[in-house]
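The structure appears below as structure tokens.
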There are 2 protein chains.
Amino acid sequence: MSGASEKAYVSIRNRLLGGEFPAGSRLSESELSESCGVSRTPVREALRRLAQEYFVRIEPNRGAFVIDWSRDDIMDMFEMRSMMEGLTARKAAERASMAQIDLMKAIIKRIDDVAEGGGPEMRDSFLTLNRQFHDTIFEASGSPKLTEIISRFVEQAVIVRTAAQYSAYDIVRSNQQHKELLSAIEKRNGMLAEIIMRSHILTAGERYHNNYMPNEA
Amino acid sequence: MSGASEKAYVSIRNRLLGGEFPAGSRLSESELSESCGVSRTPVREALRRLAQEYFVRIEPNRGAFVIDWSRDDIMDMFEMRSMMEGLTARKAAERASMAQIDLMKAIIKRIDDVAEGGGPEMRDSFLTLNRQFHDTIFEASGSPKLTEIISRFVEQAVIVRTAAQYSAYDIVRSNQQHKELLSAIEKRNGMLAEIIMRSHILTAGERYHNNYMPNEA
DNA sequence: CCCTAATTGATTGTATACAAATTTATACCG
DNA sequence: CGGTATAAATTTGTATACAATCAATTAGGG
């Protein structure tokens, strides 16, 4: 997956996220091949990968088309993600090691620092740390296969696209939920951890809904 | 995806399900290309597709390896599936049309007939009808994108592999749960429908666990 | 004798050429 | 003028040839 294939994948994916291709439009292999500077073979591979991540839909003998996501679709994805990550949180509460709990504590502290410090790179730092926190939960759940499937889901078009631009206040609020979640995990209260995680994801969905779709479109 | 690519996919998938390739073993593109009667190009495409369905894992520059699933992994998958299909059942209870409810009724009736009739094709008929029933729930949930994602999940290696060989008694029992589920949907009781569906899937998981892994392996 | 390094062999990754299918354009008929 | 059928052009699908990477083996040095 490295070399030309990866190059094509990154290029097309970035352009899709940048909104260069309108929803429903068709992606020509030849054109992509030219603009990516690789041959059609790795372009085809990249398109299949993007289809797996629901960026595009491939119709046999017709090509790749940019997938359109409705508001309802996106909220459904948040709901699904809330269930999936809720499940891992419950398992993490049952199985997390002390080292993993300490790591989560450290990440939470760093997120607080980031929110307090502010600055232009605040959001990027938060996204990275937030990702690390959730990955640690995955790790602590002790279900590698399950975790891989959910990670793949989180990599999907919608989820990636909805990586919201949090304000400092939003970050503090989100991190408060992290603290509550960690507390539940420390107490080995799986059910509580699950509910808190679901709430955590669903409130993120609500925030997205309010921020990015204030009016009917 | 038709033609040579589909041919390679079906061939490799069947052989994987038939246990021809041991877990962890490496799949050579050249050998598959030869045995499938197509060139390496569609074989590579088929392997990527099988990687998406978690039949194999592809390591860059190293090839495709048959994935091994532990008992815990499989039970995790049932748990995940129970949540996913529970979600669609809840939505179906809120949105199902009369025509869809009637269709489910008809399918339930046909499953009862199949169980009563017995015969050698009983299990195949049940699997088909059972699939139709669950697909109707998906359809009735009114969330096409969500449904597509879940359908893809159900197509995965583990789920397909665990399509258990039900006895006539098991079929009757499973169909009883279908009836309870449909009753909840008719009453527009989403929460009840969700719980019944989750129970339905999890009991299937238990049955698999008991039937196929009676002893520690 | 063991460990390291280079070379050989084999396998995956990429590019290109060709085949098949679809879309578009055009000519013909009603 | 509209509709259908045919034909050309474009695009995807497949096969093959070549390049790059990785595994194994062998040669060399300690």
Side-chain angles (χ1 to χ4, degrees), chain A residues 1-16 19-68 148 152 155 157, chain B residues 1-16 19-68 148 152 155 157:
Chain A
M1 297 254 192
S2 62
S5 183
E6 184 75 14
K7 186 177 172 185
Y9 168 76
V10 170
S11 170
I12 300 170
R13 185 176 185 270
N14 282 341
R15 283 190 277 174
L16 280 166
E20 184 172 330
F21 308 111
S25 69
R26 172 199 176 106
L27 298 181
S28 159
E29 293 180 1
S30 317
E31 288 177 18
L32 292 174
S33 159
E34 205 173 349
S35 62
C36 294
V38 300
S39 83
R40 267 182 57 214
T41 309
V43 165
R44 280 175 67 85
E45 195 167 315
L47 285 174
R48 302 301 145 98
R49 199 168 150 195
L50 290 163
Q52 166 185 331
E53 294 167 354
Y54 295 97
F55 281 92
V56 303
R57 157 183 42 87
I58 290 175
E59 298 185 14
N61 289 316
R62 294 195 9 98
F65 299 83
V66 181
I67 293 186
D68 182 43
E148 197 194 324
R152 214 185 262 188
E155 283 300 324
Chain B
M1 298 259 191
S2 62
S5 184
E6 184 75 13
K7 185 177 173 186
Y9 168 76
V10 170
S11 170
I12 300 170
R13 184 176 185 271
N14 282 340
R15 283 189 279 174
L16 280 166
E20 182 172 331
F21 308 112
S25 68
R26 173 200 176 100
L27 298 181
S28 160
E29 293 180 1
S30 317
E31 288 176 20
L32 292 175
S33 156
E34 205 172 349
S35 62
C36 294
V38 300
S39 84
R40 267 182 59 216
T41 308
V43 165
R44 281 175 66 84
E45 195 165 316
L47 285 174
R48 303 300 144 101
R49 197 169 153 193
L50 290 164
Q52 167 185 329
E53 293 167 355
Y54 295 96
F55 281 93
V56 302
R57 157 183 43 87
I58 289 177
E59 299 185 13
N61 290 315
R62 292 191 15 93
F65 299 83
V66 181
I67 293 187
D68 182 44
E148 196 194 325
R152 213 186 262 189
E155 283 300 324

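In the text below, chain A, chain B and the rest are named by the order of the sequence lines, each starting its count at 1. Computed over heavy atoms, backbone and side chain alike; hydrogens, waters and symmetry mates excluded.
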What protein N or O atoms touch nucleotides 20-22 of chain C N or O atoms at under 3.5 angstrom, if any, and at what distances?
none

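- Heavy-atom distances under 4.0 Å link DNA chain C to B:Leu27, B:Ser28, B:Glu29 of residues 27-39 of chain B, given in residue order.
- Residues B:Val56 and B:Leu16 have side chains in contact (heavy-atom distance under 4.5 Å, counting atoms from C-beta outward).
- We find that CZ of B:Arg26 is positioned 13 Å from P of C:dA10, with the value rounded to whole Å.
- Taking atom CZ of residue A:Arg49 and atom P of nucleotide C:dG13, one finds them 12 Å apart after rounding to whole Å.
- C:dG13 atom P lies 18 Å from atom NZ of A:Lys7, rounded to whole Å.
- Under the rule for a side chain to side chain donor-acceptor pair (under 3.5 Å), B:Gln52 has no partner lying at least two apart in sequence or in another chain.
- Checking the phosphate oxygens (OP1, OP2) of D:dG13, a side-chain nitrogen or oxygen of A:Arg48 falls inside 4.0 Å.
- No side-chain heavy atom of A:Leu27 sits less than 4.5 Å from a side-chain heavy atom of A:Leu50.
- Distance check: A:Glu29 CD to A:Arg40 CZ gives 4.5 Å after rounding to the nearest 0.5 Å.
- Under the rule for a side chain to side chain donor-acceptor pair (under 3.5 Å), the partners of A:Arg15 that lie at least two apart in sequence or sit in another chain are A:Ser11, A:Ser35.
- Comparing A:Thr41 and A:Gly63, the nucleotide of DNA chain D nearest to each residue sits closer to the 5' end for A:Gly63.
- What separates CD of A:Glu45 from P of C:dG13 is a distance of 7 Å, to the nearest Å.
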Strictly under 3.5 Å: I want the nitrogen or oxygen pairs between protein and nucleotides 6-10 of chain D, one per line.
none

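- Open room surrounds CD on B:Glu34; 12 or fewer heavy atoms of other groups in view lie less than 6.0 Å from it.
- Within the 4.0 Å cut-off from OP1 or OP2 of D:dA15, not a single side-chain nitrogen or oxygen of B:Arg44 is found.
- Checked for salt-bridge contact, A:Arg152 and A:Glu148 meet the test: a charged N lies under 4.0 Å from a carboxylate O.
- Note on A:Glu6 versus A:Arg49: salt bridge recorded, some NZ/NE/NH1/NH2 to OD/OE distance being below 4.0 Å.
- For the atom pair B:Arg44 CZ and A:Arg44 CZ, the distance stands at 12.0 Å (nearest 0.5 Å).
- For the OP1/OP2 pair of C:dT14 and a distance below 4.0 Å, the side-chain nitrogens and oxygens of A:Arg40 include no atom meeting the criterion.
- In this entry the distance linking CG of A:Leu47 with P of D:dG13 reads 10 Å, nearest Å.
- Counting to the nearest Å, the P atom of D:dC22 and the CZ atom of B:Phe65 are 12 Å from each other.
- Remark: B:Ser25 pairs with no residue by the side chain to side chain donor-acceptor pair (under 3.5 Å) rule, at least two apart or across chains.
- Atom CD of B:Glu20 sits in a crowded spot, with more than 12 heavy atoms from other residues, nucleotides or ligands closer than 6.0 Å.
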